[in-house]
Amino acid sequence: MSPCQPILVFAADLACRAGALIAAERERGGLTLSYKEGVELLTSADLKSDELIRSELTAAFPSHRILSEESSPAMPQEERNQGPLWIVDPIDGTVNFAYGFASVAISIAYAEDGVVQAGAVHSPFLQETYCGLKGGGATLNGVPLRTGDCTQLERALIGTGFPYERQDRPRLVRRLNHVLMHCRDFRRIGSAALDLCWVAAGRLDGFYETLKPWDFAAACLIAREAGALTGHLGKVPEHIPPDLCGEDVVAAGPGIYHELVALLRAVPPEEVQV
Ligand code: IPD
Ligand code: CA
Ligand code: CA
């Protein structure tokens, strides 16, 4: 048994408990809404979920660091890279959550020296729990996962997302336009963690987006363990471990991964300038 198996069980259970909390908060009504830096939606449930996850992790693993979107997003890179680190998104898909959509997840990953060892993604409204263990496979509600077997980009269903800051959107729309001309269609799910888990489950054939570590750390491992290829469009800076680098993340089934990466890299330079 992998030494991280008990860690994964702990993470999955905690993600489920946080999921029950946010589902109850939405059901109860009266969510408080605010905006981070004037644009990024934050609900009272994001903060309650963060508080629950953080206090349980601190009680169980007092010496471990926690990189959480809501309570420690500015942790210096050197601290992220060393020793045991938990990477937490207390609600991935906050906009979906606030609008009553079901595609919402809690994401908890565990890394050692910058390498993700275990990841749990739980979707309370879909009652789905995705788990991945480095070298140990991936599961959905305990059933082993396998990515799709699509081999032609023109038959591929691709997911992506857009940042809250608007200045980069024109460039991303031009990139999307380029890819859209070569694939079956796009889906914009609104939770990057679920996008990647859905690549793992074969519900999407590929996915790309620029993300933060808490969006993808757990789900990228799950996708990889389900047989997907994952990587980056550009060169990963030397001081950032690839598992923690969110710039232009790509994941896809092995039958289309290289074609998708080549297509994304081939967007004419004038089309990616703002
Ligand atoms: C967001 C979601 C969304 C993605 C954004 C993320 P949040 O996370 O994953 O799908 O497109 O880039 O920021 O803010 O809901 O935790
Ligand atoms: Ca997120
Ligand atoms: Ca979030």
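Whatever order the structure lists them in is the order used to number ligands and atoms, beginning at 1. Heavy-atom basis, side chains included; hydrogens, waters and symmetry copies ignored.
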When you check the side-chain N and O atoms of E37 and Y35, is any donor under 3.5 Å from an acceptor? no
Below 3.5 Å, N or O to N or O, backbone or side chain included: is there any such pair between G190 and ligand 1? yes
Report, in ascending order of atom number, the atoms of ligand 1 lying under 4.0 Å from any heavy atom of D89. 16 (O)
Is the contact between D215 and ligand 1 made by the side chain, the backbone, both, or neither, using heavy atoms and a 4.0 Å cut-off? side chain
So, T210 and D248: side-chain donor and acceptor under 3.5 Å apart, yes or no? yes
Minimum distance, heavy atoms only, to atom 16 (O) of ligand 1: which one of I91, D46, T94, T210 is it? I91
Cluster membership besides L47, Ile/Leu/Val/Met/Phe/Trp/Tyr side chains within less than 4.5 angstrom, sorted by chain and number, is L42
Compute the ring centroids of H122 and Y130, then answer whether they are less than 6.0 Å apart. no
Evaluate A192 for polar contact with ligand 1, using N/O atom pairs at a separation under 3.5 Å. yes
Both conditions, 6.0 Å and 45 degrees, for the charged tip of R26 above the ring of F125: are they met here? yes
Could an N or O of ligand 1 be found under 3.5 Å from any N or O of Y164, whether backbone or side chain? yes
What protein N/O/S atoms lie closer than 3.0 Å to the Ca ion (ligand 2)? D89 OD2, D92 OD1, D215 OD1
So is there a nitrogen or oxygen of G93 less than 3.5 Å from a nitrogen or oxygen in ligand 1? yes
Is the distance from the ring center of F10 to that of Y110 below 6.0 Å? no
Between D92 and S107, do the side chains contain an N or O donor and an N or O acceptor separated by less than 3.5 Å? no
Indicate, as side chain, backbone, both or neither, the part of F162 found under 4.0 angstrom from ligand 1 when only non-hydrogen atoms are considered. backbone
From the options K212, E40, R188, E209, select the one whose nearest heavy atom is closest to atom 12 (O) of ligand 1. E209
Strictly below 4.0 Å, N to O, side chains only: are K134 and E225 in salt-bridge contact? no
